[in-house]
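One structure follows; several queries about it will come next.
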Amino acid sequence: MKKLIVRGGKPLTGEITINGAKNSTVALIPAAIMADSEVVLEGVPDIQDVYSLIEILNDFNVKTHFENNVLRIDPREMVSIPMPTGKIQSLRASYYFMGATLAKFGEGVIGLPGGCFLGPRPIDQHLKAFRSLGVDVQDEFGVVTLTSPNGMKGARIYMDVVSVGATINCILAAVRAEGKTVIENAAREPEIIDLVTLLNKMGAQIKGAGTNVIRIEGVKELHGCNHTIIPDRIEAGTYITAAAAMGQGVKVNNVLFEHIESFIAKIMEMGVELEVGEDSIFVKPSRDLIAVSIKTLPYPGFATDLQQPLTPLLALAKGEGTITDTIYPQRVKHIPELNRMGADIRIDGDIIRTKGPAKLTGVEVKASDLRAGACLVIAGLIAEGETVITGVENILRGYSNIVGKLRDLGADIEMIEDDSPEI
Ligand code: EPU
């Protein structure tokens, strides 16, 4: 078992460069199978979710080559085979193979996705969208079987909730549906714009990405292309938070301010000082931090994925702070762990209430999901003494070279293999 050992209290200085966005990459890789020639993705992060997707591609007989953050995907010999179990269940984003195999073959059998436990994560809107396009959907025993014997036909689809995944899956399928599809109440995340940019380069005809109405004119063929993935706004927010907590001047490169505006607004309200460059953000040493109230919302609101990484900073801040996660109210598994480190945080219904400033001390804690893991790494950087983090595989799913990046900034952090039982 891997463990992270963090000896806290070390000042962070220097520069760090953000990777291509995980949540873009995990949609772009399934999208690439729809081409009839090679797709080259650049800026692909070196994370476990990418390796899992590559294994799934290879099971579909798609050829891949991944080196130096460049992933070449050659889907020319891809075959339509059922994927009810196995690797497909190891990550949430594998559900994008539903939309992508529908577009490619007019069918698909996909086991329901795994991924982080954040409370209930239904896929009713994905299935509703497929049905609207004329797909026959059977959802039984954790396996979704999709067929479209009469072909897919464009439709007007209103999403009952704003969903990144359902918007993406609907776009993927509708690209090859006959005629026009209009998605109303679509999600507006930058990752959706990135996906649409790739698909349009492949020959799709999609308008409106980044607004809540997306219009798709179905096409018969999609071809290969080259595409560079947008920077990871969640990774950027994570390192900016670490820098705000422990930094003596840290420059975060390859970040687009516009993608994290609501996050930046909140940490500035807390007293964090920043200089925003064209594609970088310099985080100045923090003085006294003040607690604030945060509510997560669909983009461009405050991202739910940054709620957990930001919690240790809020615990350090003076006064009472609140976090209301309207997307995933049960995304709170980091709270008991932070409290064991000395934080004073209460879960009050759907509201997380922090009381600071807290003094954190290193203990053994468990990263139960990806962003809880990022939260505990930041808490470990702050804490006095040694923090031992288990559940590291959750962190490696989405943060590439987190140990190397933090060590470059001066953190005392290492990853070890340890088979002694968890406490
Ligand atoms: N929802 C439904 N029905 C659906 C789909 C979603 O009720 O059919 C609800 C969800 O339960 C949730 C809300 O709609 O309350 C939004 O969920 P969404 O579908 O947008 O989430 P997702 O597509 O499953 C992606 C990211 C998550 C991120 C959320 C919200 C990927 C692979 N995952 O998930 O990222 O938290 O959007 O922004 O893109 C992470 O990176 O740590 C992560 C969990």
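In listed order, ligands and their atoms are each counted from 1. The structure displayed is predicted, hence computed values, not measured ones.
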Note to self: Salt bridge check, Glu364 against Arg340: does any charged N sit closer than 4.0 Å to a carboxylate O?
What the structure shows: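 The answer is no: the pair does not qualify as a salt bridge.
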Check: Do NZ/NE/NH1/NH2 and the carboxylate oxygens of Lys2 and Glu417 come within less than 4.0 Å?
Finding: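 Salt bridge present between Lys2 and Glu417.
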Note to self: So if I count the atoms of ligand 1 from 1 in the order they appear, which ones are less than 4.0 Å from some heavy atom of Gly165?
What the structure shows: 19 (O), 23 (O)
Next item on the list: For the pair Arg331 and Asp305, find out whether any cationic side-chain nitrogen is under 4.0 Å from an anionic carboxylate oxygen.
Entry: yes
Margin query: Minimum distance, heavy atoms only, to atom 6 (C) of ligand 1: which one of Ser24, Ser163, Gly373 is it?
Written below: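 Answer by nearest heavy atom: Ser163.
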Note to self: If we count only N and O atoms by modelled type, under 3.5 Å, do the side chains of Asn169 and His126 hold a donor and an acceptor together?
What the structure shows: yes
Check: Which one holds for Glu191 and ligand 1: side chain close, backbone close, both close, or neither close, with close meaning a heavy atom under 4.0 Å?
Finding: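 Within the 4.0 Å criterion, Glu191 makes no contact with ligand 1.
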Check: How long is the span from the CD atom in Glu107 to the CE atom in Met98, to the nearest 0.5 Å?
Finding: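 Going from CD on Glu107 over to CE on Met98, the span is 14.5 Å.
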Item checked: Contact atoms of ligand 1, heavy-atom distance to Val164 under 4.0 Å ->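 What qualifies from ligand 1 is 18 (P), 19 (O), 20 (O), 23 (O), 37 (O).
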Margin query: Please work out, at 4.0 Å between heavy atoms, whether the side chain, the backbone, both, or neither of Asp124 comes within that distance of ligand 1.
Written below: both
Margin query: For Pro309 versus Pro312, what's the shortest heavy-atom pair and its separation?
Written below: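 In this case the closest contact between Pro309 and Pro312 is O-CD, 3.2 Å.
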Note to self: On a heavy-atom basis, I'd like to know which of Ala372, Ser94, Pro122, Gly398 is closest to atom 2 (C) of ligand 1.
What the structure shows: Pro122
Next item on the list: Measure the distances from the heavy atoms of Thr304 to every atom of ligand 1 and state whether one is below 4.0 angstrom.
Entry: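 Contact present.
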Between side-chain atoms of residues 257-265 and protein atoms elsewhere (two or more places apart, or another chain), which donor-acceptor pairs fall under 3.5 Å?
from   : atom 1 : to     : atom 2 : distance (Å)
Ser262 : OG     : Pro300 : O      : 3.1
Ser262 : OG     : Gly301 : O      : 3.2
Ser262 : OG     : Phe302 : N      : 3.4

Checklist line | For His126, the ligand 1 atoms whose distance to one of its heavy atoms is below 4.0 Å | finding: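 In order of numbering, the contacting atoms are 8 (O).
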Checklist line | Whether Lys128 lies under 4.0 Å from ligand 1, heavy atom | finding: no
Margin query: Tell me whether the count of non-hydrogen atoms from other residues, nucleotides or ligands lying under 6.0 Å of NZ in Lys128 goes above 12.
Written below: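 Atom NZ in Lys128 is packed in, count exceeds 12.
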Notebook entry, point to check: Tyr239: what forms a ring pair (Phe, Tyr, Trp, His ring centres under 6.0 Å) with it, not counting sequence neighbours?
Noted result: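 Testing Tyr239 for ring pair (Phe, Tyr, Trp, His ring centres under 6.0 Å), a comparison that skips the adjacent residues, returns none.
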Next item on the list: State the atoms of ligand 1, each with its element, that fall below the 4.0 Å cut-off from a heavy-atom position in Gln125.
Entry: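 With Gln125 as reference, the close atoms of ligand 1 come out as 3 (N), 4 (C), 8 (O).
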Notebook entry, point to check: Salt-bridged, Asp348 to Arg353, with N to O below 4.0 Å?
Noted result: yes
Next item on the list: Would you mind finding which of Thr25, Asp49, Val161 brings a heavy atom closest to atom 9 (C) of ligand 1?
Entry: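 It is Val161 that holds the nearest heavy atom.
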Next item on the list: Can you sort out which atoms of ligand 1 are near Leu370, meaning under 4.0 Å from one of its heavy atoms?
Entry: 42 (O)
Next item on the list: Please verify whether a non-hydrogen atom of Arg331 lies at under 4.0 Å from ligand 1.
Entry: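 Arg331: in contact with ligand 1 (<4.0 Å).
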Notebook entry, point to check: Are Val162 and ligand 1 in contact, using a heavy-atom cut-off of under 4.0 Å?
Noted result: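 Right, Val162 reaches ligand 1.
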Check: Any Lys/Arg nitrogen of Glu414 or Arg7 sitting under 4.0 Å from an Asp/Glu carboxylate oxygen of the other?
Finding: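 Yes.
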Notebook entry, point to check: Which ligand 1 atoms does Arg92 reach within 4.0 Å, using its non-hydrogen atoms?
Noted result: 24 (O)
Item checked: Closest to atom 24 (O) of ligand 1 (judged by heavy-atom distance), picking from Tyr299, Tyr96, Tyr95 ->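 Checking each option, the heavy atom nearest atom 24 (O) of ligand 1 is found in Tyr95.
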Next item on the list: Could you list the atoms of ligand 1 found under 4.0 angstrom from a heavy atom of Ile327?
Entry: 12 (C), 13 (C), 15 (O), 16 (C)
Margin query: Closer than 4.0 Å to some heavy atom of Lys22 - which atoms of ligand 1 meet that?
Written below: 40 (C), 41 (O)
